[in-house]
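Everything below concerns the one structure shown next.
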Amino acid sequence: MRVQALKHDSAAFDWAAFFARQVLALMFLMGGIWRVFQLGPLEHARLFFMEAYSESILPAWSLWTVGTAIPFFELGVGALLMLGLWRRPALIAIGFELLVITFGHLLAEPLFGFNQHVIPRMFLVIFLLSLPPALDRFSLDEWRASAAS
């Protein structure tokens, strides 16, 4: 009886992982598409980094570098997550980006409210990283693993 329950739970985890991964992927993919193709990476860096942090302790070159890289980064990790390709590295990379974002927001506003931006994304990252990869069956990673075995 216990084995049947695990099989049922496994299917539920497959869907839970799929939906969580897709929602997180859409958050980053759509943000990346907007930043790369509509706003533009240089304008993103100017508006959200140079204007906001030019008076901070951060050097200008770091603001330009991170500000222009984030749009491409978000586009890439969003696409990888949507496909379920290289999930673990993509999720870990997103975790590091969320740390950078958290640092930046706290640098500008020490009591920044994280409930609308950082917390939902970080919750999905933690949930997805805590699942064994085999419980995300609807992904290219698991499809490649099952095809190889």
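Please read these numbers as outputs of a predicted model, since none were measured by experiment.
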Should we count CD of Q116 as having more than 12 external heavy atoms under 6.0 Å? no

Shortest non-hydrogen pair, L131 vs F13, comes out as CD2-CD2, 3.5 Å

As an exercise, state the distance from CG of L124 to CZ of F28, rounded to the nearest 0.5 Å. 9.5 Å

Are the side chains of L128 and R87 in contact, using a 4.5 Å heavy-atom criterion? no

I need the D141 CG to L83 CG distance, nearest 0.5 Å. 9.5 Å

Can a donor-acceptor pair be found, under 3.5 Å and without considering hydrogens, that links the side chain of Q22 to the backbone of M82? yes

A side-chain contact here means heavy atoms from C-beta on lying under 4.5 Å apart; do I70 and F48 qualify? no

Roughly how far apart are L98 CG and R121 CZ, rounded to 0.5 Å? 7.5 Å

Closest approach of P41 to P71 (non-hydrogen atoms, all atoms of both residues): CA-CG, 4.1 Å

If two hydrophobic side chains count as joined below 4.5 Å and joins carry through other members, does F73 share a cluster with F37? no

Roughly how far, to the nearest 0.5 Å, is the CZ atom of F49 from the OG atom of S54? 13.0 Å

Determine whether L47 and L42 fall in the same hydrophobic cluster, where Ile, Leu, Val, Met, Phe, Trp and Tyr are linked whenever their side-chain heavy atoms lie under 4.5 Å apart. yes

Shortest non-hydrogen contact from S56 toward L107: CB-CD2, 3.8 Å

Closest heavy-atom pair, R88 versus P133, reported as atoms and distance to 0.1 Å, is NH2-CD, 3.0 Å

Over 12 foreign heavy atoms within 6.0 Å of CH2, W64: yes

Heavy atoms of L85 and R144 approach each other most closely as CD1-CZ, 3.8 Å

Could you walk me through whether L29 and E74 pass side-chain contact (heavy atoms from CB on, under 4.5 Å), step by step? CA-CA 6 Å; L29 182 64; E74 290 185 351; over 6 Å; no

Do the non-hydrogen side-chain atoms of I92 and P89 ever get within less than 4.5 Å of each other? no

Taking the side chain from S62 and the backbone from L58, do they hold a donor-acceptor pair closer than 3.5 Å? no

Mind checking whether L129 and I94 sit in one hydrophobic cluster, side chains of I, L, V, M, F, W, Y counted as touching below 4.5 Å? yes

Measuring centre to centre across the rings, with the benzene-like ring taken for any Trp, is W15 within less than 6.0 Å of F138? yes

Say whether F96 and M27 are linked into one hydrophobic cluster, either directly or through other cluster members, by side-chain heavy-atom distances under 4.5 angstrom. yes

Does the pair E43/R35 count as a salt bridge with the N-to-O cut at 4.0 Å? no

In terms of heavy-atom contacts, does CD of Q38 have more than 12 from other residues, nucleotides or ligands at under 6.0 Å? yes

Check whether any side-chain N or O of R137 sits under 3.5 Å from a backbone N or O of D14 as a donor-acceptor pair, and report yes or no. no

D136 versus E142, closest heavy-atom pair with distance: O-CG, 3.2 Å

Is Y53 reaching over with its side chain to a backbone N or O of G104, donor-acceptor style, under 3.5 angstrom? yes

In terms of hydrophobic clusters joined by side-chain contacts under 4.5 Å, are V77 and L75 together? no

For the pair H44 (side chain) and G67 (backbone), establish whether a donor and an acceptor sit closer than 3.5 Å, ignoring hydrogens and angles. yes

